[in-house]
Amino acid sequence: MKAIKYLFICCMIVGAVLLLKTWPQNSTVVQWSERELALINALRIENLGPLPESPSNRLSNSVAAAELGKKIFSDARFSSNEKVSCASCHLSDYSFTDRLPRGKGLEEVDRRTMPLLGLAYQRWFFWDGRSDSLWSQALGPLENPLEHGIDRLRVAQLVTEHYANEYRSAIGVLPELTGEGATEVFVNTGKSIAAFVRTIIPGPAPFDRYANAVLRGSSPGLDQLSKAQKAGLKLFLGKGRCVNCHNGPMFSNGEFHHLAVADYAETDLGRTAVIGSLPEAEFGCLSKWSDAEPQECNHLRFLKIDPRENFRAFKTPTLRNVAIRAPFMHAGQFSNLAQVLRNYAEVAAGKGSADELFHGELSNREQLDLVEFLESLTSDHLSTL
């Protein structure tokens, strides 16, 4: 009997050693609550779903329009000095943003260039949300004297001179560039650019592979996150309360929040400066240039336009690929993620006044773990074109 018991113990030890050898070295088992598992599931890229409809843009699902938009996106002739294109600030190898604290076209602007990943799944665009569609967003920089610095007539002329055949194939007859004809071509140019931009989506990241393994209850994939990254994920979902604003597969609620971050120069009013004019915007969902029915624009009809609720509020950007697109915040105020989290901790401790920042009292170690977790959201971007 003793011999059998000894043999059993030896087998158990050998089995444990073999299990440790085959188990991923950094896959410390983490216990997740039902709430945490539900949140992890909701954050997976697999839940992003197909591209949503864009009612105000009849060209949104047109491959021909997207191909035309892709060409114009990289065409520097669409600027007053013929050196600035959309791609100048939205670099494809940098998550479609740039490496500057503040964007620079013809001249430097006051805010950071926003990434284009997954914008098809958003409702508001720019840091202050002054556009309610991707096509409207695409038009703004063209006429901005600090960015492309051209007018809608010049845009229409360039399309007519260099993309007439593509325009006719994708959209239809080119109108005379008089009266509203130039504006029609200008609008359709924005809608074509939007048709391209909406195809830019992030691919699966290490977090997604880890999440899939956790939800399957299987070991393959559990090694995708390090011990520190798993600790950071727990903080993200719990004590840090990051998921309050950075939720869903794009890690963003798409809304606007005041975080008590110092502005670059003069006080930037953020969303409060634009909120009242959105329903009457020239290229908004309710405008004559929109392809939407009025009932498809209810996001404009039920806006909370109280300036106090929107004072110095800026859009929550996606955290997908955030670790590789420094600097950070609406005017590039921080050069790395550690500085961002340090500022949040200082604000939570009473430095500055933030109406909607609830990140708790995170220790230095916890902040580092969160940074490690954010590294796990990096992936290649994908395009359906």
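Note: hydrogens, waters and symmetry copies are ignored here, and every other heavy atom, side chains too, is used.
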Student: I'd like to know if the side chain of Arg209 and the backbone of Asp223 have a donor-acceptor N/O pair within less than 3.5 Å.
Tutor: no

Student: Any heavy-atom pair between the side chains of Tyr210 and Leu233 that's under 4.5 Å?
Tutor: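 Contact flag for Leu233/Tyr210 side chains = yes.
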
Student: Looking at side-chain heavy atoms only, is the closest gap between Ile201 and Tyr121 below 4.5 Å?
Tutor: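 Yes, close enough: below the 4.5 Å cut-off.
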
Student: So which atom in Leu222 and which in Lys230 form the shortest heavy-atom distance, rounded to 0.1 Å?
Tutor: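 Looking at all heavy atoms of both residues, the closest pair is O-NZ, 3.3 Å.
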
Student: Mark yes or no for whether Asn247, through its side chain, and Asn244, through its backbone, hold a donor-acceptor pair below 3.5 Å.
Tutor: yes

Student: Does atom CD of Glu266 have more than 12 heavy-atom neighbours, drawn from other residues, nucleotides or ligands, at distances under 6.0 Å?
Tutor: no

Student: Nearest 0.5 Å, please: how far is CD in Glu293 from SG in Cys285?
Tutor: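 That separation rounds to 10.0 Å.
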
Student: Would His90 and Phe73 count as a side chain to side chain contact (heavy atoms under 4.5 Å, CB included) here? Give the steps.
Tutor: CA-CA 9 Å; His90 297 284; Phe73 185 88; 3.8 Å; yes

Student: Does the ring of Phe125 carry Lys315 above it, NZ/CZ under 6.0 angstrom from centre and within 45° of its axis?
Tutor: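 Yes, Lys315 lies over the aromatic ring of Phe125.
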
Student: Determine, stepwise, if the pair His246 / Thr316 fulfils side chain to side chain contact (heavy atoms under 4.5 Å, CB included).
Tutor: CA-CA 7 Å; His246 294 284; Thr316 302; 3.2 Å; yes

Student: Can you confirm whether Glu161 is buried at CD, in the sense that more than 12 heavy atoms of other residues, nucleotides or ligands lie under 6.0 Å from that atom?
Tutor: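 Counting neighbours around CD of Glu161, more than 12 heavy atoms of other residues, nucleotides or ligands fall under 6.0 Å, so yes.
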
Student: Check Trp124 against Gly254 and note the closest heavy-atom contact, atom names and distance.
Tutor: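 Scanning both residues, the minimum pair turns out to be CD1-O, 3.9 Å.
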
Student: Closest approach of Tyr163 and Asp75, non-hydrogen atoms and distance?
Tutor: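 Looking at all heavy atoms of both residues, the closest pair is OH-OD2, 2.7 Å.
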
Student: Between Ile171 and Arg58, is there a side-chain heavy-atom distance shorter than 4.5 Å?
Tutor: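 Yes, their side chains come closer than 4.5 Å.
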
Student: For Asn57 and Lys191, indicate whether the former's side chain and the latter's backbone hold a donor-acceptor pair under 3.5 Å.
Tutor: yes

Student: Examine distances only and state if a side-chain atom of Glu296 and a backbone atom of Ala292 form a donor-acceptor pair shorter than 3.5 Å.
Tutor: no

Student: With side chain to side chain contact (heavy atoms under 4.5 Å, CB included) as the criterion, how do Thr113 and Leu100 come out once you've worked through the C-alpha distance, each side chain's angles and the decisive distance to 0.1 Å?
Tutor: CA-CA 8 Å; Thr113 300; Leu100 302 174; over 6 Å; no

Student: Could you tell me whether Asp98 and Lys104 have a side-chain N and a carboxylate O separated by less than 4.0 Å?
Tutor: no

Student: Under 3.5 Å, is there a donor-acceptor pair between the side chain of Asp369 and the main chain of Ala231?
Tutor: no

Student: Cluster question for you: counting only ILVMFWY and a side-chain heavy-atom cut-off of under 4.5 Å, with indirect links fine, are Leu278 and Leu286 together?
Tutor: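 Yes: a chain of side-chain contacts under 4.5 Å links Leu278 to Leu286.
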
Student: Check whether any side-chain N or O of Asn298 sits under 3.5 Å from a backbone N or O of Gln295 as a donor-acceptor pair, and report yes or no.
Tutor: yes

Student: Step by step, would you call Phe251 with Phe207 a ring-ring contact (aromatic ring centres under 6.0 Å, His included)?
Tutor: CA-CA 12 Å; Phe251 283 77; Phe207 160 76; 5.6 Å; yes

Student: Where the side chain of Ser95 meets the backbone of Thr97, is there a donor-acceptor pair that is under 3.5 Å apart?
Tutor: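 Here the side-chain-to-backbone pair does not exist.
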
Student: Any donor-acceptor pair under 3.5 Å linking the side chain of Lys304 with the backbone of Asn310?
Tutor: no

Student: Are Tyr94 and Met329 linked, directly or through intermediate hydrophobic residues, by side-chain heavy-atom contacts shorter than 4.5 Å (ILVMFWY only)?
Tutor: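 The answer is no; the residues belong to distinct hydrophobic clusters.
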
Student: Report yes or no: do Trp289 and Ser287 form a side-chain donor-acceptor pair below 3.5 Å?
Tutor: no

Student: When you look at CZ of Arg216, are more than 12 heavy atoms from neighbouring residues, nucleotides or ligands closer to it than 6.0 Å?
Tutor: yes

Student: When you compare the side chain of Leu106 with that of Ser80, does any pair of heavy atoms fall below 4.5 Å?
Tutor: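 Side-chain contact under 4.5 Å: yes.
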
Student: Quick check: do Val159 and Phe78 have side-chain heavy atoms less than 4.5 Å from each other?
Tutor: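 Contact flag for Val159/Phe78 side chains = yes.
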
Student: Looking at side-chain heavy atoms only, is the closest gap between Leu319 and Ser252 below 4.5 Å?
Tutor: no

Student: Does Ser133 offer a backbone N or O that forms a donor-acceptor pair with the side chain of Ser131 under 3.5 Å?
Tutor: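 Pair absent, no side-chain N/O of Ser131 close to backbone of Ser133.
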
Student: Where do Leu225 and Ser376 come nearest, in terms of heavy atoms and distance?
Tutor: CD2-CB, 3.3 Å

Student: Are Leu370 and Val30 connected in the hydrophobic side-chain network, where two residues link if heavy atoms are under 4.5 Å apart?
Tutor: yes

Student: Considering residues, nucleotides and ligands other than Asn47, do more than 12 of their heavy atoms fall under 6.0 Å from its CG?
Tutor: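 Enclosed: over 12 neighbouring heavy atoms sit under 6.0 Å from CG of Asn47.
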
Student: Can you tell me how far CZ of Arg112 sits from CZ of Arg325, rounded to the nearest 0.5 angstrom?
Tutor: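 Taking CZ in Arg325 and CZ in Arg112, the distance rounds to 8.0 Å.
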
Student: Do the side chains of Leu119 and Ile200 get nearer than 4.5 Å, heavy atoms only?
Tutor: no

Student: I'd like to know if Val243 and Leu259 are part of one continuous hydrophobic network [Ile/Leu/Val/Met/Phe/Trp/Tyr, side-chain heavy atoms within less than 4.5 Å].
Tutor: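 Yes; tracing contacts between hydrophobic side chains, which count when under 4.5 Å, links both residues.
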
Student: Starting from Leu235, can I reach Trp32 by hopping between I/L/V/M/F/W/Y residues whose side chains sit under 4.5 Å apart?
Tutor: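 Yes, it is one cluster - the side chains of Trp32 and Leu235 are joined through contacts under 4.5 Å.
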
Student: Check Arg44 against Pro249 and note the closest heavy-atom contact, atom names and distance.
Tutor: O-CB, 3.4 Å

Student: Supply the atom-to-atom distance Asp93 CG to Asp380 CG, rounded to the nearest 0.5 angstrom.
Tutor: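 Between Asp93 CG and Asp380 CG, I get 11.0 Å after rounding to 0.5 Å.
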
Student: Answer yes or no: is there an ion pair linking Lys227 with Glu372, defined by an N-O contact shorter than 4.0 Å?
Tutor: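 Looking at Glu372 together with Lys227, the answer is no, because their closest N to O distance does not fall below 4.0 Å.
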
Student: Does CG belonging to Asp110 count more than 12 external heavy atoms closer than 6.0 Å?
Tutor: no

Student: Could you label the plane-to-plane angle of the Trp135 and Phe283 rings as parallel, tilted or perpendicular, counting under 30° as parallel and over 60° as perpendicular?
Tutor: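 It falls in the perpendicular class, over 60°.
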
Student: Under the side chain to side chain contact (heavy atoms under 4.5 Å, CB included) criterion, do Arg320 and Asp208 qualify, and how do the steps go?
Tutor: CA-CA 11 Å; Arg320 293 274 175 185; Asp208 301 294; 2.6 Å; yes

Student: To the nearest 0.5 angstrom, please state how far the CD1 atom of Ile193 sits from the CG atom of Leu139.
Tutor: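 It comes to 7.5 Å.
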
Student: Taking atom types as modelled, find out whether His330 and Asp268 have a side-chain donor-acceptor pair closer than 3.5 angstrom.
Tutor: no

Student: Any idea how His258 and Phe311 line up, ring-wise: parallel (<30°), tilted (30 to 60°), or perpendicular (>60°)?
Tutor: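 Taking Phe311 first and then His258, their aromatic rings stand perpendicular (interplane angle over 60°).
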
Student: Near Glu176 CD, under 6.0 Å, is it more than 12 heavy atoms from other residues, nucleotides or ligands?
Tutor: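 12 or below, so no.
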
Student: With side chains defined as the heavy atoms from C-beta onward, is the minimum distance between Glu67 and Glu166 less than 4.5 Å?
Tutor: no

Student: In Å, rounded to the nearest 0.5 Å, how long is the span from CZ of Arg271 to CZ of Phe314?
Tutor: 11.5 Å

Student: Just by distance, do the side chain of Arg35 and the backbone of Leu237 share a donor-acceptor pair under 3.5 Å?
Tutor: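 Checking the backbone N and O of Leu237 against the side chain of Arg35, a donor-acceptor pair under 3.5 Å is found.
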
Student: Compare every heavy atom of Ile45 with every heavy atom of Pro204, then report the nearest pair and how far apart it is.
Tutor: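 Residues Pro204 and Ile45, closest heavy atoms: CA-CG2, 3.9 Å.
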
Student: If you measure from CD1 on Ile275 to CG on Leu269, what distance do you get to the nearest 0.5 Å?
Tutor: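 Output value for this atom pair is 13.0 Å.
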
